[in-house]
Amino acid sequence: MSRLPTPLTLPDNGHEPNDHNDRTTNHNGARGDDKNRDTASGAPGKRPRPGAPRRRMRGESATAWAFISPSVLIILGLSVVPVAWSLLLSFQADDLVTPSRWVGLGNYRALVADPHFSQAVRNTLLYTALYVPLSIGLGLLLALVLNQRIRLVGVYRTLIFVPFVISATAQGVLFSFILDPEFGAANSVLHKLGISSQGFLTDPGQALLVLVAISLWSGTGFCVVVTLAALQDVSPSLIEAARLDGAGRWHLLRHVILPALTPVIAFLLLWQTINALQVFDLVYVTTKGGPLGSTTVIVYFIWEQAFKNFTAGYGAAAAYALALALLLIAAVPRVTRAVRSRRENHRLEGAAR
């Protein structure tokens, strides 16, 4: 009997198997497995060049310095260099024309014995003693009034703050015309009221007081705005609780509002004191230190010595005396705060023991 032929079979996908493709696929799969194993084992693909992060940081630093260098040059040229130069100048006799001569502490010794400098110090202290508490007190009073619900309160706040925006030079020119002893509007009003004419800025007994009044007209607005902002930050629950306990207006102001305003009042005290010790432009425009030196303040004395009498070294010494006084005044709150915190820490430690 003859054998039957063997039946033919087809692949599943309907194509004949390709040995070359199978070998290629197997080879690529093996290569991918090797690459995955290399990646899993932590072998780096490309190593960064040595020093590249350092060069990148140097480039970023150079770019940053290129951007801030104009500001640095301005600060050095207008602040640091003049301060250092004036410090050296205070130890020299210099008229800004001829070569300077080293005198050491001679300028400072001359300041102590100079009656004109003593008069300038007295005038400055009197101006500060009058202006600072009056400006803060009036600012607090007006802020309490403007914190109420009244009609057109926004207009009143604006009108009180506007004089603060006006420059001291413009204020001086304005009040020089108003307070002119012959043609001023102030003496015209006094004449109609039957009061004799006043000298105002030309009277040695009145000139400094008039300058204080002009400064109050302009500087009180700043105190009003700052104090008003602090008043609006006082918790209404504290005020309501004090009223429920039977506290009147005076007790409410003394025991609730003023303690809440203590940080703001301390700031205003420091700010107004520094501004009062540095007053110059108002004096320069109105009285130029007169009459008879009754309005000569420290900063005007410095300007007069340096640029009018051409004793720049002497003026620089007076400027550094004022700078030292300002530093001491600015350091008082920090020292007080440090002493208070130390005492509080000691008290707490004693209570814990």
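On a predicted model such as this, the values are computed, not experimentally measured, just so you know.
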Between Phe164 and Val225, does a side-chain contact (heavy atoms from CB on, under 4.5 Å) hold up when you go through it step by step? CA-CA 10 Å; Phe164 176 74; Val225 171; over 6 Å; no

Worked verdict on Arg243 versus Leu252 for side-chain contact (heavy atoms from CB on, under 4.5 Å): CA-CA 8 Å; Arg243 287 176 179 173; Leu252 188 66; 3.9 Å; yes

Yes or no on side-chain contact (heavy atoms from CB on, under 4.5 Å) for Val297 and Leu211, after CA distance, side-chain angles and deciding distance? CA-CA 11 Å; Val297 291; Leu211 291 181; over 6 Å; no

I'd like to know whether Leu258 forms a side-chain contact (heavy atoms from CB on, under 4.5 Å) with Leu253, so could you lay out the CA-CA distance, the side-chain angles of the two residues, the decisive distance to 0.1 Å, and finally the verdict. CA-CA 6 Å; Leu258 287 182; Leu253 175 64; 4.1 Å; yes

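At least one donor-acceptor pair under 3.5 Å links the side chain of Asn107 to the backbone N or O of Ser90. Within the 3.5 Å criterion, the main-chain N or O of Val97 finds a donor-acceptor partner in the side chain of Asp95. In this structure, the side chain of Asp233 does not engage the main chain of Ala260 through any donor-acceptor pair within 3.5 Å. Checked by atom type and distance alone, the side chain of Tyr300 pairs as donor or acceptor with a backbone atom of Lys288 at under 3.5 Å. Looking only at distances, a side-chain donor or acceptor of Gln119 sits under 3.5 Å from a matching main-chain atom of Gly293. With Thr124 contributing its side chain and Ile298 its backbone, the two residues share a donor-acceptor pair below 3.5 Å. Between the side chain of Gln206 and the backbone N or O of Pro204 there is no donor-acceptor pair closer than 3.5 Å. Side chain of Gln148 to main chain of Leu144: a donor-acceptor pair is present (N/O by atom type, distance under 3.5 Å, no hydrogens or angles). Side chain of Ser218 to backbone of Ser215: a donor-acceptor contact under 3.5 angstrom is found. Using modelled atom types, no side-chain atom of Ser79 and backbone atom of Leu76 make a donor-acceptor pair closer than 3.5 Å.
Put simply, Val83 and Phe91 are part of the same group of oily side chains (I, L, V, M, F, W, Y) that touch within less than 4.5 Å, one to the next. Both Leu174 and Phe280 are part of a single hydrophobic cluster, where members link through side-chain heavy atoms under 4.5 Å apart. Taking hydrophobic clusters as Ile, Leu, Val, Met, Phe, Trp and Tyr residues chained together by side-chain heavy-atom distances below 4.5 Å, Trp271 shares a cluster with Val165. A single hydrophobic cluster is seen to contain both Phe267 and Leu326, as judged by linkage of ILVMFWY side chains at heavy-atom distances under 4.5 Å, directly or through other members. Clustering ILVMFWY residues whenever any of their side-chain heavy atoms sit less than 4.5 angstrom apart, transitively, puts Ile257 in the very cluster that holds Trp250.
Taking OG1 from Thr220 and CD from Gln272, the interatomic distance works out to 8.0 Å, rounded to the nearest 0.5 Å. Taken to the nearest 0.5 Å, the OH atom of Tyr131 stands 12.5 Å off from the CD1 atom of Ile214. Distance CG/Asn147 to CG/Leu142: 12.0 Å, rounded to 0.5 Å. Atom CG of Leu269 is separated from atom OG1 of Thr262 by 12.0 Å, given to the nearest 0.5 angstrom. If you take CG on Leu244 and OG on Ser237, they are separated by 11.0 Å, rounding to the nearest 0.5 Å. The CD1 atom of Ile160 sits 12.0 Å away from atom SG of Cys223, with the distance rounded to the nearest 0.5 Å.
Summarising the geometry of Leu96 relative to Asp94, their closest heavy-atom pair is N-OD1, 2.7 Å, with the distance given to 0.1 Å. When all heavy atoms are compared, the tightest approach of Leu190 to Gln198 is CD1-CG, 3.8 Å. Counting all heavy atoms, side chain and backbone alike, Ala317 lies closest to Tyr108 at O-CE2, 3.7 Å. The shortest non-hydrogen separation linking Ala113 to Pro115 is O-CD, 3.3 Å. Taking each heavy atom of Ala276 and Thr128 in turn, the nearest pair found is CB-OG1, 3.5 Å. Taking all atoms of both residues into account, the shortest heavy-atom contact from Leu146 to Tyr156 is CD2-CB, 3.8 Å.
Heavy-atom neighbours of Trp217 CH2 from other residues, nucleotides or ligands within 6.0 Å: above the threshold of 12.
Taking the ring centroids of Phe177 and Phe183, they lie at or beyond the 6.0 Å cut-off.
Looking only at atom types and distance, the side chain of Ser167 has no donor-acceptor partner in the side chain of Thr169 under 3.5 Å away. Donor-acceptor pairing under 3.5 Å is recorded for the side chains of Asp114 and Tyr314.
At a threshold of 4.5 Å between non-hydrogen side-chain atoms, the residues Val224 and Phe161 do not count as touching. Using a 4.5 Å heavy-atom threshold, the side chains of Leu87 and Tyr320 count as touching. Between Leu268 and Phe222, some side-chain heavy-atom pair lies under the 4.5 Å cut-off. Residues Pro181 and Asn187 form a side-chain contact, since some pair of their non-hydrogen atoms from C-beta on lies under 4.5 Å apart. Between Leu270 and Val332 the shortest side-chain heavy-atom distance does not fall below 4.5 Å. At a threshold of 4.5 Å between non-hydrogen side-chain atoms, the residues Val283 and Val299 do not count as touching. Looking only at side-chain heavy atoms (C-beta outward), Val153 and Arg157 come within less than 4.5 Å of each other. Contact annotation: the side chain of Thr286 never approaches that of Thr295 to less than 4.5 Å [non-hydrogen atoms, C-beta and beyond].
Using cut-offs of 30° and 60° on the angle between ring planes, the pair Tyr284 and Trp303 is perpendicular. Taking the six-membered ring for Trp and thresholds of 30 and 60 degrees, His251 and His255 have nearly parallel ring planes, at less than 30 degrees apart.
Cation-pi geometry between Lys308 and Phe310 is not met at under 6.0 angstrom from the ring centre and within 45 degrees of the axis.
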